[in-house]
Number of protein chains: 2
Amino acid sequence: MGWPQMSGEDNLLRLVEAADGDENDYHLQDQVGFILRKAHQRHVSIFASHIGDLTPPQFAALAKLYDIGETSQNQLGTLIAMDAATVKGVIDRLRARGLVEVSKHEVDKRRLLVNLTPEGREAIERLIPLARAITEETLAPLTAKEVATFLRLLAKIA
Amino acid sequence: MGWPQMSGEDNLLRLVEAADGDENDYHLQDQVGFILRKAHQRHVSIFASHIGDLTPPQFAALAKLYDIGETSQNQLGTLIAMDAATVKGVIDRLRARGLVEVSKHEVDKRRLLVNLTPEGREAIERLIPLARAITEETLAPLTAKEVATFLRLLAKIA
DNA sequence: CTGATATCATTTGCATACGAATGAATTTGT
DNA sequence: ACAAATTCATTCGTATGCAAATGATATCAG
């Protein structure tokens with residue numbers, strides 16, 4: 001019989017088939033990687049519309065420093081999921097703007113300690129409410145129950 | 001009463017609270033943007049472990065050209081969610097490797113037509129099975145039912 | 001104690017990703 | 001038909017993101 005007159009809502013069907021992998025056609029737009037990339041793009045765009053003068057990685061660095069206080073650049077990178085090369089660039093730019101400051105670790109001379117400046121603390125306290133709005137707008141297409149489900153499953157694959 | 005002895009699995013609770021926004025603490029690791037970024041990172045890493053000589057955007061370009069045939073660079077960018085500047089770089093690199101070729105549109109002289117070369121066609125046909133394995137591994141932490149739910153919700157916010 | 005390992009930070013090179021500006025070509029509105 | 005607006009492609013600048021190599025420091029094993 002096959003698939004007689006597939007009509008209406010076939011998106012879900014295609015997504016399930018894409019997950020199955022037992023189809024001959026390959027549809028990029030149904031692959032989790034492609035959709036993940038688009039969802040990330042949309043979120044970054046929403047972020048930029050609310051917080052224009054800071055990128056999500058820069059915000060993440062400030063938010064984590066606000067949360068845990070002074071830490072080494074390396075440890076900070078681990079906590080915000082950035083490799084050493086990436087976190088260095090982020091911290092360099094935040095430092096150039098006076099939002100964080102660095103100092104040498106007295107005991108372990110390999111480590112570079114990073115901390116918020118008073119301006120950085122002001123900035124992150126001002127921005128956190130906006131970040132909540134960004135989260136809300138990103139999740140706006142979902143109902144409250146769907147949000148809970150989505151975040152649970154997303155965390156599983158992250 | 002408040003929250004007496006929160007114990008055991010509080011991840012879900014924190015995620016729901018994060019979505020609510022009605023908490024005083026801000027936990028970066030519970031924000032959808034941060035988890036989305038990490039999920040995307042994990043997928044790219046899985047992709048690289050299976051397909052080392054091509055990036056996900058490059059693969060997307062080849063897969064879409066395989067799907068729809070010759071198109072303008074601009075149209076291709078729209079279909080694979082890349083802006084004009086990004087798609088140009090991707091096509092330049094694919095062209096340098098002989099996987100795609102470009103030509104001028106005879107009627108509309110603004111357009112640059114892009115198409116697979118025979119080598120590009122061979123490559124994408126060889127890679128699509130690997131791409132299915134990448135999708136599978138990315139979604140491995142989820143059950144089949146969770147996969148269907150997750151893809152449905154992810155598509156909603158993408 | 002000391003040689004082998006491991007960790008931390010930096011640097012380089014490459015690849016997205018996007019805003020903004022530019023120029024060429026086309027389409028639209030009147 | 002023609003000026004205005006739009007579309008397509010390119011270029012520039014900035015910012016992640018990661019692999020690989022390097023140098024400095026610290027830790028470990030024997």
Side-chain angles (χ1 to χ4, degrees), chain A residues 33-34 36-49 51-62 71-97 99-100 102-114, chain B residues 33-34 36-49 51-62 71-97 99-100 102-114:
Chain A
F34 184 71
L36 215 40
R37 176 168 150 270
K38 286 211 301 176
H40 182 249
Q41 278 178 0
R42 173 167 168 270
H43 173 261
V44 171
S45 168
I46 291 170
F47 187 100
S49 74
I51 300 180
D53 63 342
L54 222 55
T55 65
Q58 289 167 3
F59 174 86
L62 294 185
T71 190
S72 74
Q73 191 171 278
N74 196 272
Q75 174 67 7
L76 180 62
T78 300
L79 293 171
I80 60 181
M82 285 178 215
D83 73 3
T86 301
V87 77
K88 184 189 190 308
V90 172
I91 294 304
D92 279 353
R93 285 179 285 275
L94 291 174
R95 194 156 58 113
R97 294 175 51 177
L99 299 177
V100 304
V102 302
S103 56
K104 287 178 197 156
H105 192 290
E106 283 304 312
V107 179
D108 187 338
K109 292 179 185 170
R110 293 171 305 179
R111 295 189 199 174
L112 190 68
L113 296 175
V114 187
Chain B
F34 185 71
L36 215 41
R37 177 168 149 271
K38 286 211 300 176
H40 182 249
Q41 277 178 0
R42 173 167 169 271
H43 173 261
V44 171
S45 168
I46 291 170
F47 187 100
S49 74
I51 301 181
D53 63 341
L54 222 56
T55 65
Q58 289 167 4
F59 175 86
L62 295 185
T71 338
S72 73
Q73 191 171 277
N74 197 272
Q75 173 67 6
L76 180 61
T78 299
L79 294 171
I80 59 181
M82 284 178 215
D83 74 2
T86 301
V87 77
K88 184 188 189 313
V90 173
I91 294 304
D92 279 353
R93 284 180 285 275
L94 291 175
R95 192 156 59 111
R97 294 176 50 177
L99 300 177
V100 305
V102 303
S103 57
K104 287 177 198 158
H105 192 290
E106 283 304 312
V107 179
D108 187 340
K109 293 178 186 172
R110 294 169 305 177
R111 296 188 199 173
L112 189 67
L113 295 175
V114 187

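Just so it is clear: chains get the letters A, B, ... in the order the sequence lines come, proteins before strands, and each one is counted from 1. It should be emphasised that the depicted structure is a prediction, and the values quoted were computed from it without experimental measurement.
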Problem - Distance, rounded to the nearest Å, where Asp92(A) contributes CG and dT12(C) contributes P - result: 13 Å
Practice task
Please check the phosphate of dT16(D) (OP1 and OP2 only) for any side-chain N or O of Gln41(B) closer than 4.0 Å.
Solution key: no
Exercise for the section: Please tell me which of the listed nucleotides, dA9(C), dA15(D), dT10(D), lies nearest to the side chain of Arg93(A)? Expected result: dA15(D)
Handout entry: Rounded distance (Å) that lies between atom P of dT27(D) and atom NE2 of His105(A)
Key = 10 Å
Handout entry: Interatomic distance where CD belongs to Glu106(B) and P belongs to dT26(C) [whole Å]
Key = 12 Å
Problem - For Arg97(A), side-chain hydrogen bond (donor to acceptor under 3.5 Å, both in side chains) partners two or more places apart - result: none
Exercise for the section: Determine: side-chain N/O of Thr55(B) to OP1/OP2 of dT16(C), distance under 4.0 Å, yes or no. Expected result: yes
Problem - Side chain of Ala85(A) - closest among dA19(D), dA17(C), dT16(D) - result: dA19(D)
Handout entry: Arg111(B) side chain to Glu106(B) backbone, donor-acceptor under 3.5 Å
Key = no
Handout entry: Nearest to side-chain heavy atoms of Asp108(A), which nucleotide of dA17(C), dT25(D), dT16(D)
Key = dT25(D)
Problem - Side chain proximity check, His105(A) to Leu112(A), heavy atoms < 4.5 angstrom - result: no
Fill in the blank from the handout: Checking dA19(D), dA9(C), dA9(D) against the side chain of Asp83(A) (C-beta onward), the nearest is dA19(D)
Exercise for the section: Pick base, sugar-phosphate or nothing for Val107(B), based on heavy-atom distances below 4.0 Å to the nucleic acid. Expected result: sugar-phosphate
Practice task
Could you tell me whether the side chain of Gln58(B) and the main chain of Thr55(B) form a donor-acceptor pair under 3.5 Å?
Solution key: yes
Handout entry: Below 4.0 Å: OP1/OP2 of dA6(C) and any side-chain N or O of Arg110(A)
Key = no
Practice task
Round to the nearest Å and state the distance from Lys38(B) atom NZ to dG17(D) atom C1'.
Solution key: 16 Å
Problem - Residue whose closest nucleotide on DNA chain C lies nearer the 5' end, Leu113(A) versus His40(B) - result: Leu113(A)
Practice task
Whole angstrom is fine here: how far is it from CZ in Arg95(B) over to C1' in dT10(D)?
Solution key: 12 Å
Practice task
Assign Val90(A) to base, sugar-phosphate, or nothing according to its heavy-atom contacts below 4.0 angstrom with the strands shown.
Solution key: sugar-phosphate
Handout entry: Under 4.0 angstrom between Gln75(A) side-chain N/O and dT7(C) OP1 or OP2
Key = no
Practice task
Map Ala84(B) and Gln58(A) onto DNA chain D by nearest heavy atom, then report which one ends up closer to the 5' terminus.
Solution key: Ala84(B)
Practice task
For Gln73(B) and Ile91(B), indicate whether the former's side chain and the latter's backbone hold a donor-acceptor pair under 3.5 Å.
Solution key: no
Fill in the blank from the handout: Here the distance between atom C1' of dA17(C) and atom NE2 of His43(A), to the nearest Å, is 16 Å
Fill in the blank from the handout: Quick note, Thr86(B) side chain, CB onward, closest among dA9(D), dT16(C), dT11(C) is dT16(C)
Exercise for the section: With the side chain of Arg111(B) defined as its heavy atoms from C-beta on, choose the nearest nucleotide among dT10(D), dA9(C), dC8(D). Expected result: dC8(D)
Practice task
State which of dG17(D), dA17(C), dT10(C) makes the closest approach to the side chain of Gln73(A).
Solution key: dT10(C)
Problem - Options dG17(D), dT10(D), dA19(D), nucleotide nearest the side-chain atoms of Leu112(B) - result: dT10(D)
Problem - Nearest-Å distance for atom pair CE/P, residues Met82(B) and dT16(D) - result: 20 Å
Problem - Touch class at under 4.0 angstrom, heavy-atom based, for Ser72(A) against every strand present - result: sugar-phosphate
Handout entry: Residue Asn74(A), side-chain atoms from C-beta onward, closest of dC8(C), dT12(C), dT16(D)
Key = dC8(C)
Problem - Integer-rounded Å distance: dT16(D) C1' and Leu94(A) CG - result: 13 Å
Practice task
Work out which heavy atom in His43(B) is nearest to a heavy atom in Leu36(A); give both atom names and the distance.
Solution key: CB-CD2, 4.1 Å
